[in-house]
Amino acid sequence: MAKKQFKAESKKLLDMMINSIYTNKDIFLRELISNASDALDKLYYRSLSDNESGLSRDDFKIQIKIDKENRTLTISDNGCGMSKEELESNLGTIAKSGSLDFKSGLEGKSEVEIIGQFGVGFYSAFMVSDTVTVVSRVHGAEEAYQWESSGADGYTIKETEKSEPGTVITLKIKEKTEEFDYDKYLEQYTIEDIVKKYSDYIRYPIMMDMTESKLKEGSEDEYETVVTPTQLNSMVPLWRKNKNEITEEEYEEFYKAKFYDYEKPLLTVHSKTEGQVTYDALLFVPSHAPFDYYTKGYEKGLQLYSNGVLIMDKCADLLPDYFSFVKGLVDSADLTLNISRETLQQDHILKIIAKNLEKKIKSELEKMMKNKREDYETFYKAFGLQLKYGVYADYGMNKDVLQDLLMFWSSSEKKLVTLKEYVSRMKEEQKAIYFACGETNDKIDMLPQADAVKEKGYEILYCTDDVDEFALQMLREYDGKSFMNICADKLDLDTDEEKEELKKENEDTKELRDFMKETLGDSVSEVVFTNKLKNYPVCLTSEGMLSLEMEKVLASMPNSNGMKAKIALEINRDHPIAAKLKSLFETDKETVKKYTKILYAQGCLIGGKTIENPAEFSELVSELM
Ligand code: ADP
C-alpha cells in the first residue's frame, strides 16, 4: 500500500511554536543573536576556504537598534546573508535549519562553533512582535530580498535594495497588554541586560548606541543627548582562556560580578576536560554562606553554557545537595539541548559531568584541608552543617564521599579535628571514637561522664549541632572504629577486675536500687552504681540508639510523638552519697525517697534535660537544708 504523508497544519504548528516552546520571552533576543553569530561564522569559514580577500574578522559585528517612536527593534549582522531561495526554505519552513545543514557539510571540522540546529529559534521573534521583516543580501551578490510575516498568516518575499551584504531583522514590537509589558523591549537597559545574561560570550561584538541625557558642559541646567556606541558583550569567556593567562584578580572580579558576592571566593577551581565529554568548568566556593543558604528558598545549581550561550542559569543536576554551596558554570558543546534550548534533554552527558565535578570538588576541598587549614576551617564553619546533613541524608548513601571532609571540636586539641586525625592519635587499648553532645563546647566540657574518659587520656569529639549525632550514627564506624557516645550506658572503660567489683556491688544493692527505681517510676528504666564518674555524684545515661540529646532534637520537631530515650540513673559508687544511701536504706526509707528524687533532678540538670517538677525539687532541697 502506498504510504500517505503526514500533513502539518503549519498555521497551528507556528502558533504552537510561538506560544508553547518557550517559557521566557526574553530569549527571542538570544535566538536572533545566535543566528547572527552563526551567519558571521559561516562567512568567516567560507572566507578561509575560498581564500576570499578583503574580509577581516575584525569587521564582523552584530548591531542592535531601538526605535521607540516606531516601536521597532532591529538586529543586523554583516554575515553570510540569505538568497531568495534561502529565505524561502530557511524561514518559510518550520524546523528547517540551514545551520544544521551547514554543520553537517563540514563533516566534523569544528573550527566553527555553529549554534543553530533545530530551525525554530527564529520564530521566537513572534512572541514579542506583530511583524517580523528580514532584509538580506548574500555576501558577493548584488540583489537583496525582503521576507516579511505577521505570524500564522504566512509570509511575503520581494526584491529590495540593501547597500551592504548581510541581514537586517526588524521586529515591530507588540503593544503593551495587561498581562505583559512588551514596552520593555524598547528600553536600552533591558536589551543590555538580556544580551549580558544570555549572549555575553558571543565571539563577535554586539554593538548598540546607548543614549544618555547629560548636563551640557559649562551649563547648570541645560541637558544634551549624548550617544555612545557601546559593546554590550564581553566576548571572551574567562573560562576559555588558558589558566596561566588569568590572574587571581580576574577570577575574583569575575566571581563577584557574576555571583553577586562582595567577598572573594575561598576556592577557585578552573578545569578543562577532554575525552568522553569535553567541557570547561569554572567553580567557586564562597567564603560565607548566603543569607538564605539554609532555607528552602535557596536554589542550588551551576550556570550551563553551550558554546558560550547561556542555556540554564541554575542547572541543579550538576551538583549533589551536599555540595550545593558551590557556584560557577559549565560550558560544553556536547550537550543534547532541548528544542527550546532553555533546558536539556535529560541526558547521560550531564550525569557524567556531574559525577566528574563531584570528584573534583571533593579532591579540591581535601587539598584545601591539607594545605590551607585556616581556609578550610572558614569553609567548614560556613558549610560544614551541609556536609553533615549530607552524611545523614539518603540513608547514609554518600557517607564515604563525605566522611573525610568532616571536622569536630576536640577535647584534647582544643580545635577542629578530622576523624582521620582522631584515629591516628587513638591509644592502643582504646576501643571506640568517643563523642559527646551538648549545646556548647563549655557545657560538654562539664558533663560528668567526660571526666572518666579524659582521665584515661582519650580524646572526645564535641557535637554541638543537632545533626551531629545523627550523622555519626549514620557513619557507624570510621576506619574500623565504632563511635561511642560518652553518655551511653555501655561506655566501657573499666578493667575486668573493676567490672567484677562493680557487678558485685550492684548485686548486693539490688533491693536499694529497685526501691529507688520505683520511686522514680517511668522516668528511668533503672538505677545503677557506676565507676565512670570521678567527681560528680550522679549522671543520666541513655540506653540503645536514642540518646538524651537526640530526644531533645526530636522533641523540638513536629510529629515527634514524644519519643523518649531510655534513661538510667547512674550513681558514683565512690561518692559519699553512695554510702549514705546504703545506710539510710536500713533506717529511713522515706529520706531515701527524697534523696532519690533530688539525685534524679541533679542528673537532669547536668545532662541539660528539663526537670519535670521544679517546684517539688526546690521544696525537697529547702527541706533538707
Ligand atoms: P536554527 O538557528 O536552529 O538553525 P532558526 O529558525 O533560528 O533555526 O533559523 C533557521 C535558519 O535560517 C538558520 O539555520 C539559518 O540558515 C537561517 N538564518 C537565520 N537567521 C539568519 C541570519 N541572520 N543570517 C543568515 N541566515 C540566517
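All values below were derived from every heavy atom in this structure, side-chain atoms included, with hydrogens, water molecules and symmetry-related copies excluded. Just follow the structure's listing: the first ligand is 1, and inside any ligand the first atom is 1.
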Could you go step by step and tell me if Y294 and Q386 meet the side-chain hydrogen bond (donor to acceptor under 3.5 Å, both in side chains) rule? CA-CA 8 Å; Y294 289 105; Q386 188 66 12; 5.0 Å; no

Counting both backbone and side chain atoms, is some N or O of D77 under 3.5 Å from an N or O of ligand 1? yes

Would you check whether D38 has a nitrogen or oxygen atom less than 3.5 angstrom from a nitrogen or oxygen atom of ligand 1? no

With heavy-atom distances below 4.0 Å as the criterion, list the atoms of ligand 1 near L91.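 Going through ligand 1 atom by atom, the ones under 4.0 Å from L91 are 12 (O).
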
For ligand 1, which atoms, with element, lie under 4.0 Å from some heavy atom of F122?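 Listed by number with element: 5 (P), 6 (O), 7 (O).
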
Taking atom types as modelled, is there a side-chain donor on S124 or E31 under 3.5 Å from an acceptor on the other? no

Would you say the ring centers of [X] and [Y] fall short of 6.0 Å from each other?
| X | Y | answer |
| --- | --- | --- |
| Y376 | F379 | yes |
| Y251 | F284 | no |
| Y293 | F383 | yes |

Where does the angle between the aromatic ring planes of F126 and F122 fall among parallel (under 30°), tilted (30 to 60°) and perpendicular (over 60°)? perpendicular

Measure from atom 2 (O) of ligand 1 to every heavy atom in N35, V138, L40 and give the option owning the shortest one.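 Heavy atom nearest to atom 2 (O) of ligand 1 belongs to N35.
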
Per-residue contact class, K42 against ligand 1 - non-hydrogen pairs under 4.0 Å: side chain

Of the backbone atoms (N, CA, C, O) and the side-chain heavy atoms from C-beta on, which set of L32 has a member under 4.0 Å from an atom of ligand 1: side chain, backbone, both, or neither? neither

If we only consider heavy atoms of M82, is any one of them less than 4.0 Å away from an atom in ligand 1? yes

